[in-house]
Number of protein chains: 2
Amino acid sequence: MIINKIMAEKNKIDIFPSGSRLTNQRRIILDYLRGVYTHPTAEIIYKEVKKKLPQISFGTVYRNLSFLKEHDFILELKSADGCTHYDGDPSDHCHFVCMQCGRVYDLEDKRFKKRHTYCEKTAVGKICYCRTNYYGVCKNCKNN
Amino acid sequence: MIINKIMAEKNKIDIFPSGSRLTNQRRIILDYLRGVYTHPTAEIIYKEVKKKLPQISFGTVYRNLSFLKEHDFILELKSADGCTHYDGDPSDHCHFVCMQCGRVYDLEDKRFKKRHTYCEKTAVGKICYCRTNYYGVCKNCKNN
DNA sequence: TTAGATGCAAAGGGTTTGCAACGTC
DNA sequence: GACGTTGCAAACCCTTTGCATCTAA
């Protein structure tokens with residue numbers, strides 16, 4: 001499935017798994033996620049996509065998010081606000097989670113680049129990947 | 001609130017915030033969490049604590065977990081399995097999350113000690129703390 | 001043509017909450 | 001005695017699912 005990611009990045013095309021179909025709904029959800037720097041919840045995605053596809057349902061949004069995550073097109077982020085947030089950029093990077101509003105931001109700064117080794121064996125199991133979240137209060141909340 | 005943690009560690013006593021009360025339920029939930037190396041969900045905690053306090057309810061468990069987390073006696077961990085897991089050790093350490101069963105393990109190994117700086121300012125806000133999760137399949141699942 | 005995807009609505013499952021009774025300080 | 005806490009049950013909220021219909025390949 002990593003192939004998908006590499007192909008998408010190199011050729012600017014998306015290779016969906018054979019057997020699956022590229023519907024309007026799927027295309028628009030993925031495009032929306034790739035076009036925003038925020039990390040919206042399913043509800044926000046639903047509302048935004050509904051502007052282009054008024055008939056879309058929550059079930060379709062959730063099913064597509066699940067599909068896109070399963071095939072490494074997007075990232076699923078569990079936030080402390082109780083909602084799952086989604087990230088259109090599946091590449092390896094860190095996040096800043098606001099403890100007040102629950103918003104999730106990317107941390108582009110080199111200081112927060114990963115320094116972890118992958119596929120290491122540990123006492124409890126073999127590591128496939130890791131995720132680091134930085135917590136604090138975002139500027140938006142601080143100024144209110 | 002960090003004071004609580006320090007006091008607890010140095011003097012082996014718990015300083016609960018003034019105004020709050022140390023009930024049997026609260027004591028037993030905290031003791032249970034401190035006595036296990038697993039990172040149980042609210043449901044498991046409920047079932048275990050029920051053995052000592054057959055009358056306890058889910059509401060009480062959740063209210064106490066929320067209280068203990070709020071005052072830095074325990075850690076709340078959002079797992080990919082959809083359940084919140086709880087850690088009786090609020091000190092700074094990393095976790096291994098099993099992608100199959102959702103179980104959460106401590107990573108004691110020095111290789112996974114934190115190397116992050118705290119209270120750093122970033123473009124999106126000031127960092128208070130950070131958490132790193134390592135994902136993989138645990139030995140328990142691999143052998144089944 | 002046909003199996004995968006959608007829309008709708010109902011169900012699921014973890015967590016929170018209102019309220020009267022209880023128990024700690 | 002006052003007020004924080006409990007037990008119970010209902011409510012909440014996010015997410016999943018069954019089913020008939022639709023549609024991409």
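In what follows, every chain begins at residue 1, and chains take the letters A, B, ... in the order their sequences are listed. Since this is a predicted model, take the numbers as computed values, not measurements.
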Reported NE2-to-CZ distance for the pair B/His39 and B/Phe96, which is rounded to 0.5 angstrom: 12.5 Å
Spacing of OG1 belonging to B/Thr38 relative to CD1 belonging to B/Ile44, to within rounding of 0.5 Å: 7.0 Å
Nucleotide D/dT15, atom P - distance to CG of B/Asp81 in whole Å: 14 Å
Nucleotide interval of DNA chain C bounded by contacts with chain A (heavy-atom cut-off, under 4.0 Å): C/dT2 to C/dC8
Sugar-phosphate only, base, or nothing, as touched by B/Asn64 at under 4.0 Å among non-hydrogen atoms: sugar-phosphate
B/Arg131 and A/Asn133: side chain donor to acceptor below 3.5 Å: no
Any A/Tyr62 side-chain N or O less than 4.0 Å from OP1/OP2 of D/dT16: no
Nearest-angstrom distance from the residue atom CD of A/Glu43 to C1' of D/dC13: 10 Å
Separation of D/dT5 P from B/Leu68 CG (nearest whole Å): 11 Å
Sugar-phosphate only, base, or nothing, as touched by B/Ser20 at under 4.0 Å among non-hydrogen atoms: sugar-phosphate
Min side-chain heavy-atom separation B/Tyr135-B/Cys98 under 4.5 Å: no
Residue B/Ile56, side-chain atoms from C-beta onward, closest of D/dC3, D/dT6, D/dG7: D/dG7
Row check, B/Phe16 ring normal vs B/Arg21 NZ/CZ: under 6.0 Å, within 45°: no
DNA chain C: 5'-proximal contact among B/Arg63 and B/Leu22 (nearest heavy atom): B/Arg63
Touch class at under 4.0 angstrom, heavy-atom based, for B/Gln25 against every strand present: sugar-phosphate
Touch class at under 4.0 angstrom, heavy-atom based, for A/Thr84 against every strand present: sugar-phosphate
Protein-nucleotide distance (A/Ile15, atom CD1; D/dA25, atom P), rounded to Å: 13 Å
Rounded interatomic separation in angstrom, taking CD1 from B/Ile28 and C1' from D/dT5: 14 Å
Atom-to-atom span, CG of B/Leu53 to C1' of D/dT6 - whole angstrom: 11 Å
Side-chain donor/acceptor contact of B/Arg26 with base of D/dG4 under 3.5 Å: no
Min side-chain heavy-atom separation B/Leu107-A/Thr122 under 4.5 Å: yes
Check: A/Asp87 and A/His95 side chains under 4.5 Å, non-hydrogen atoms: yes
Given DNA chain C, 5'-ward residue of the pair B/Ser66 and A/Thr23, judged by closest heavy atom: A/Thr23
